[in-house]
Amino acid sequence: MTVTVRFAPSPTGHIHIGNIRPALYNWLFARKAGGTFILRFDDTDVQRSKQEYADSIERDLRWIGIAPDRIERQSERLGQYDAAADLLKKKGLLYPCYETPDELERRRSRQRALGRPPVYDRAGYRQSAEERAAFEAEGRKPHWRFLLPNFESDPLETRRTDVAWDDLCRGDQTIDLASMSDPVLIREDGTYLYTFTSIVDDVDMGVTHVIRGEDHVSNTGVQIAIFQALEASPPVFGHHNLLTTRDGEGLSKRKGALSIGSLREDGLEPMAVASLAVLTGTSQAVEPVATMDDLVDKFDLSSVSRSSAKFDPEELKSLNARLVHDLPFEEVKDRLESLGIEPSSQFWDTVRGNCETVGDASRYWQAIKGPVEGKVEEEDRDFIAKARSFLPEGEMTEESWGQWTGALKAETGRKGRGLFMPLRRVLTGMDHGPDMKALLPLIGRQNTLARLP
Ligand code: GLU
């Protein structure tokens, strides 16, 4: 059977680094197995789902390097959900309930006060046809619950019913269906809940592995029962830990700054974001991985830890810098060009070690081409005035800096920082930057002279 996985976001907002984690896990899993990756929009909530969010999610996935093999939209599959719901109704496994949210809440409070778990008591299941008709006559509309298989013959006498699965990340898992309420699958307004539509889709689309966040673990027991009620065998499940910032702050609050769109605008490399999103919270070191193929080789779902996956947003910057330092010229050539730089490998090799992002190259290009606002401290004025007359003859080469500073050292007795820093400041306007020995030939004789007063 071909491995088939899906990433199923609701297009109700932009995705952030925490959401890209399950997307990448599914993508890497599919690539490793030569399988299929489906991007499936959970867009049955018509009020909150927006096309602009779907477009932004697709764009973010492509930016990070995920090219879905198939794109599906739940809003286009309502007929399939109706058919599956009819099947469950025919089997007596979906029953109408007429309680209002207030009535349900009051009942749960009573249960809690009595020290009982707030599990739905199947009051709706017990109602007669007359009682239901009376509710309908009042103008009430039913929501529909799935009858969990947690009883022997009488649904009103539940008994412990363990549903077990071998989780790809968490190992053996068990959920007792008697501890769960019958889930609502259809709302009063006739719309379906994600837990149901997602199963119908997984069956129809031949999904073999469901990889998602551990916030879905408790749904899984219920979902396995629904797969079985639909006469389908459940897929393999894997629930990974969720990404949080180091202080334990959930990502929802920081979504803005850590949205994929804003990380892209900050000039981060997709592979820096992917490396952090995939490797944090695993037994593997969080390090920059240069290509998606390398990440496919490295990726291992069983290395995901049981504890939370905490990261410091600052780590992204350092991972990014390490990736940028190793980027070969051919890979950045076009990007340099689009920054208005005349790209050459000599330039890139000179500046890349000082770039945290590729965009930083612009500053150094500016320092080479000018105009530069050179800085001269009062105490360096005489020294700088001398520097002009000691500049080696001819075009600047790799040797020029050594010859120039050697001569100035002999003449003035200056050394170290006192020798180099005034020259760097006057030529580049900066206190830090690439090696002057490599920079000087790029600045060239003419610019150098023009910057020396
Ligand atoms: N739309 C659900 C979510 O984003 C999908 C969960 C799943 O993968 O089953 O949480």
Side-chain angles (χ1 to χ4, degrees), residues 3-30 35-51 53-54 56-58 60-61 66 68 70-78 80-81 84 146 163 165 167-170 173 175 183-185 187 191-227 230 232 234-244 250-252 255 258-260 277 301 304 309:
V3 162
T4 302
V5 295
R6 83 296 192 284
F7 172 55
S10 306
T12 53
H14 299 289
I15 54 170
H16 55 70
I17 190 162
N19 312 126
I20 205 92
R21 182 172 168 90
L24 283 162
Y25 277 10
N26 279 288
W27 172 249
L28 297 172
F29 192 85
T36 301
F37 174 100
I38 304 172
L39 167 60
R40 191 171 76 207
F41 290 112
D42 274 9
D43 59 354
T44 48
D45 182 344
V46 283
Q47 307 279 310
R48 294 173 58 229
S49 298
K50 298 221 158 52
Q51 185 58 38
Y53 293 132
S56 127
I57 291 171
E58 213 183 312
D60 290 347
L61 293 183
I66 297 176
R70 227 169 115 183
I71 300 184
E72 299 281 352
R73 285 175 186 79
Q74 292 198 324
S75 53
E76 291 167 2
R77 297 182 31 82
L78 298 178
Q80 277 86 340
Y81 308 139
F146 173 69
V163 174
W165 73 95
D167 196 282
L168 291 173
C169 308
R170 299 162 62 92
Q173 300 288 300
I175 300 261
V184 176
L185 300 190
R187 299 186 188 89
T191 57
Y192 294 102
L193 277 101
Y194 124 84
T195 200
F196 177 61
T197 51
S198 128
I199 295 165
V200 176
D201 290 347
D202 288 344
V203 174
D204 287 356
M205 297 171 193
V207 169
T208 56
H209 296 76
V210 168
I211 301 165
R212 58 187 177 184
E214 64 189 8
D215 48 335
H216 288 289
V217 169
S218 59
N219 291 340
T220 300
V222 165
Q223 290 192 331
I224 288 176
I226 302 176
F227 272 106
L230 290 173
V236 176
F237 288 92
H239 294 89
H240 60 78
N241 49 9
L242 303 178
L243 215 53
T244 64
L251 281 172
S252 50
K255 263 199 304 239
L258 291 168
S259 74
I260 300 301
L301 261 190
V304 172

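In each ligand, atom 1 is the first atom listed, and ligand 1 is the first ligand listed.
T195 and N219 share no donor-acceptor pair across their side chains, judged by distance under 3.5 Å alone.
For the side chain to side chain donor-acceptor pair (under 3.5 Å) with H239, the lone residue among E214, R212, H216 that qualifies is R212.
Here R77 pairs with D204 in a salt bridge; the nearest charged N to carboxylate O distance falls below 4.0 Å.
Which parts of ligand 1 touch R212 is read off a 4.0 Å heavy-atom cut-off, strictly below it: atoms 7 (C), 8 (O), 9 (O). Remark: ligand 1 atoms within the under-4.0 Å shell around heavy atoms of S10 are 1 (N). Less than 4.0 angstrom separates some heavy atom of D42 from each of these atoms of ligand 1: 1 (N), 2 (C), 5 (C).
Considering backbone and side-chain N/O atoms, V210 never comes within less than 3.5 Å of an N/O atom of ligand 1. Where the criterion is an N or O separation shorter than 3.5 Å, residue side chain and backbone included, S198 fails it with respect to ligand 1.
Protein heavy atom in closest approach to atom 4 (O) of ligand 1: A8 O, 3.5 Å. Here the heavy atom of the protein found nearest to atom 10 (O) of ligand 1 is H216 NE2, 2.9 Å. Looking only at protein heavy atoms, the nearest one to atom 8 (O) of ligand 1 is R6 NH1, 2.7 Å.
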Is there a salt bridge (Lys or Arg N to Asp or Glu O under 4.0 Å) between D45 and R187 once you walk through the steps? CA-CA 11 Å; D45 182 344; R187 299 186 188 89; 5.4 Å; no
Between F37 and R6, does the side-chain contact (heavy atoms from CB on, under 4.5 Å) criterion hold? Intermediate values first, please. CA-CA 6 Å; F37 174 100; R6 83 296 192 284; over 6 Å; no
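Separating the CG atom in L185 from the OH atom in Y81 is a distance of 13.0 Å, to the nearest 0.5 Å. Once rounded to the nearest 0.5 Å, the distance linking CG of L61 with CD1 of I20 reads 5.0 Å.
Of all the heavy atoms of Y194, the ones lying under 4.0 Å from any atom of ligand 1 belong exclusively to the side chain.
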